[in-house]
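Accompanying notes for the structure given below.
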Amino acid sequence: MAFPLRILLLLFLSIPFSESESNLSFDYYKRSCPNFEKIVRETITTKQMSNPATAAGTLRLFFHDCMVEGCDASVFIASNSFNTAERNADVNLSLSGDGYEVVVKAKTTLELTCPKVVSCADILAVATRDLVTMVGGPYYKIRLGRKDGLVSKASRVEGNLPRSNMSMTHVINLFASKGFNVQEMVALTGGHTIGFSHCIEFSDRLYSYSKKQATDPELNSKFAAGLRNMCANHTTDKTMSAFNDVFTPGKFDNMYFKNLPRGLGLLAYDHALVKDPRTKPFVELYATNQTVFFQDFSRAMQKLSIHGIKTAINGEVRNRCDQFNSIQT
């Protein structure tokens with residue numbers, strides 16, 4: 001039986017929307033900066049064509065920003081003598097300079113076109129979406145109007161981002177604390193289909209897995225041999241890395257999920273996804289149905305993009321992405 005209109009209206013009104021979210025809209029810059037998305041798109045296209053690692057680097061930067069303090073570009077703030085900022089936290093030191101650079105370039109152009117209007121947080125959200133789309137991923141709509149945060153402290157990073165050596169229960173609980181269920185967590189992890197990881201993050205699976213076996217026996221043997229050779233000098237050269245998806249590293253697709261059952265998951269966390277009964281069904285689903293993966297990834301990214309967003313009350317539109325408009329201590 002159909003619900004009466006009055007009941008449907010009451011149900012709709014009962015859905016919780018935060019005050020921050022209510023200030024966002026798809027056409028936020030329609031009048032104040034109508035060329036906003038065009039400028040971002042042109043900037044990311046030029047950068048991606050000159051450096052194909054930009055898409056993966058920007059996606060990771062966006063994730064690291066949103067998981068700490070919310071999506072407020074707090075990861076862009078440079079440290080000074082008064083404050084050690086987020087970007088100098090241990091887990092953020094490996095973030096790609098390409099992600100920072102593409103947002104700063106877009107910001108510079110936008111400040112000439114419509115000064116003091118567009119936040120760095122909005123630029124990062126749109127640049128990430130457009131770069132994912134550019135390398136074959138799904139397009140999803142993003143509500144705009146988020147402000148840049150007023151706090152950026154390295155001390156607040158630890159415990160808010162998943163680590164490669166965390167147990168699956170720990171990772172699931174971490175995402176749950178941010179409001180994401182297991183399926184959303186697995187969908188977001190699909191971002192590993194592009195980009196790379198540093199050898200130090202998975203070296204224990206290659207050289208010191210256990211007392212009886214140096215290498216994780218569940219790694220594909222040829223894959224493991226190649227990684228051991230590639231990462232041989234990882235202790236002296238910490239920049240050494242390997243692609244997360246050995247087959248299509250530059251294309252956003254579902255190959256990452258197809259690789260996991262084959263022993264081609266790079267990180268211990270990747271391998272755990274296909275072993276844990278809570279996550280395995282979603283890995284199998286996404287491995288066989290890219291359309292569903294794209295749909296779920298889009299929804300999860302839309303949800304992530306409004307996590308912890310700031311308004312004019314507790315945020316600002318920075319003049320420069322790496323500095324607060326006023327000195328913060």
Side-chain angles (χ1 to χ4, degrees), residues 12-13 15-41 43-44 58 61-80 82-83 85-87 92 99-100 102-130 140-157 160 177-179 301-329:
F12 175 77
L13 292 175
I15 298 173
F17 288 98
S18 70
E19 181 182 349
S20 297
E21 289 177 47
S22 66
N23 289 329
L24 302 184
S25 66
F26 294 119
D27 59 352
Y28 188 84
Y29 297 109
K30 183 177 180 179
R31 291 185 175 83
S32 59
C33 194
N35 289 325
F36 160 60
E37 294 203 39
K38 179 175 181 289
I39 289 171
V40 172
R41 187 163 55 251
T43 304
I44 66 105
T58 306
L61 182 65
F62 175 73
F63 178 75
H64 279 230
D65 180 53
C66 291
M67 292 291 279
V68 182
E69 303 291 351
C71 301
D72 63 353
S74 51
V75 74
F76 281 82
I77 293 297
S79 297
N80 55 37
F82 302 103
N83 178 55
E86 274 180 42
R87 67 189 297 172
N92 284 338
Y100 290 112
V102 73
V103 172
V104 169
K105 281 188 173 182
K107 175 67 172 175
T108 300
T109 303
L110 287 163
E111 284 301 301
L112 296 173
T113 306
C114 36
K116 302 180 180 180
V117 171
V118 182
S119 69
C120 300
D122 272 351
I123 297 172
L124 177 58
V126 171
T128 300
R129 188 271 313 280
D130 288 352
Y140 49 92
K141 297 187 70 175
I142 294 178
R143 287 186 285 162
L144 302 168
R146 54 184 65 71
K147 297 295 185 275
D148 299 321
L150 301 175
V151 176
S152 180
K153 294 184 179 296
S155 60
R156 298 191 181 186
V157 173
N160 285 300
S177 71
K178 309 290 183 181
M301 286 294 284
Q302 287 174 319
K303 183 174 178 178
L304 178 63
S305 75
I306 57 174
H307 175 64
I309 56 173
K310 309 299 188 294
T311 64
I313 298 174
N314 53 11
E316 64 182 4
V317 174
R318 289 186 210 136
N319 299 325
R320 289 181 45 163
C321 290
D322 64 344
Q323 292 181 3
F324 299 116
N325 289 345
S326 57
I327 296 176
Q328 306 288 321
T329 59

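Computed from heavy atoms alone, side chains included, the values below leave out hydrogens, waters and symmetry copies. Computed from a predicted model, the values in this text were never measured in an experiment.
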Check: So do the side chains of S305 and Y140 get within less than 4.5 Å of each other, counting heavy atoms only?
Finding: no
Next item on the list: Provide the closest heavy-atom pair for I44 versus A127 in the form atom of the first, atom of the second, distance.
Entry: CG2-CB, 3.8 Å
Notebook entry, point to check: Do you know the tightest heavy-atom contact between C321 and I77?
Noted result: O-CD1, 3.8 Å
Notebook entry, point to check: Are side-chain N/O atoms of D122 and Y29 paired as donor and acceptor at under 3.5 Å?
Noted result: yes
Check: Would you say the side-chain atoms of Q302 pair up with the backbone N or O of K141, donor to acceptor, closer than 3.5 Å?
Finding: yes
Next item on the list: Taking the side chain as every heavy atom from C-beta outward, state whether T128 and M301 have any pair of such atoms under 4.5 Å apart.
Entry: yes
Margin query: I'd like to know whether I306 forms a side-chain contact (heavy atoms from CB on, under 4.5 Å) with L24, so could you lay out the CA-CA distance, the side-chain angles of the two residues, the decisive distance to 0.1 Å, and finally the verdict.
Written below: CA-CA 9 Å; I306 57 174; L24 302 184; 3.7 Å; yes
Note to self: Could you tell me if R87 sits above the aromatic ring of Y100, with its cationic atom closer than 6.0 Å to the ring centre and no more than 45 degrees from the axis?
What the structure shows: yes
Checklist line | Nearest heavy-atom neighbours spanning C71 and L304 | finding: SG-O, 3.0 Å
Margin query: Holding to side chain to side chain donor-acceptor pair (under 3.5 Å), I want the full list of residues that pass it with Q323, two or more places apart in sequence or in another chain.
Written below: none
Notebook entry, point to check: Are the side chains of F76 and S152 in touch, meaning some heavy atoms are under 4.5 Å apart?
Noted result: no
Margin query: If you apply the rule side-chain contact (heavy atoms from CB on, under 4.5 Å), what do you find for K107 with C120, and how did you get there?
Written below: CA-CA 7 Å; K107 175 67 172 175; C120 300; 4.0 Å; yes
Check: Quick one: does K310's side chain have a donor or acceptor within less than 3.5 Å of a partner on E69's backbone?
Finding: yes
Notebook entry, point to check: Going from CG on N23 to CD1 on I309, what distance comes out if it is rounded to the nearest 0.5 angstrom?
Noted result: 8.0 Å
Notebook entry, point to check: Roughly how far apart are C66 SG and L124 CG, rounded to 0.5 Å?
Noted result: 6.5 Å
Item checked: Side-chain heavy-atom pair R156, V151 within 4.5 angstrom cut-off -> yes
Next item on the list: Kindly indicate whether the side chain of V75, heavy atoms from C-beta on, has any atom under 4.5 Å from the side chain of V68.
Entry: no
Notebook entry, point to check: Is the backbone of Y28 close enough, under 3.5 Å, to the side chain of R31 for a donor and an acceptor to pair up by distance?
Noted result: no
Check: Do D148 side-chain atoms and A121 backbone N/O form a donor-acceptor pair below 3.5 Å?
Finding: yes
Next item on the list: Give the minimum heavy-atom separation between C114 and S32, together with the two atoms involved.
Entry: CB-O, 3.6 Å
Checklist line | D65 side chain to S74 backbone, donor-acceptor under 3.5 Å | finding: yes
Margin query: Could you measure the distance from the CG atom of L61 to the NE2 atom of H64? Nearest 0.5 Å is fine.
Written below: 8.5 Å
Notebook entry, point to check: Does L110 offer a backbone N or O that forms a donor-acceptor pair with the side chain of T113 under 3.5 Å?
Noted result: no
Check: With no hydrogens and no angle check, is any side-chain donor or acceptor of R318 less than 3.5 Å from a backbone partner on A73?
Finding: yes
Note to self: When you compare the side chains of K147 and N314, does any donor N or O come within less than 3.5 Å of an acceptor on the partner?
What the structure shows: no
Note to self: I'd like to know if the side chain of N92 and the backbone of E86 have a donor-acceptor N/O pair within less than 3.5 Å.
What the structure shows: yes
Next item on the list: Measure across A106 and I123 and return the closest heavy-atom pair with its distance rounded to 0.1 Å.
Entry: CB-CG2, 3.8 Å
Next item on the list: Examine distances only and state if a side-chain atom of N80 and a backbone atom of N83 form a donor-acceptor pair shorter than 3.5 Å.
Entry: yes
Next item on the list: Heavy atoms only: give me the nearest E111-N319 pair and the separation to one decimal.
Entry: CG-O, 4.0 Å
Checklist line | L144 vs F36 side-chain heavy atoms within contact, under 4.5 Å | finding: yes
Notebook entry, point to check: With no hydrogens and no angle check, is any side-chain donor or acceptor of K178 less than 3.5 Å from a backbone partner on H307?
Noted result: no
Next item on the list: State, with a plain yes or no, whether a side-chain heavy atom of T43 is found less than 4.5 Å away from one of V102.
Entry: yes
Next item on the list: Take E37 and R129, measure what salt bridge (charged side-chain N to carboxylate O under 4.0 Å, His left out) needs, and give me the verdict at the end.
Entry: CA-CA 11 Å; E37 294 203 39; R129 188 271 313 280; 3.1 Å; yes
Item checked: Beyond-backbone contact of V317 with V118, side-chain heavy atoms, under 4.5 angstrom -> no
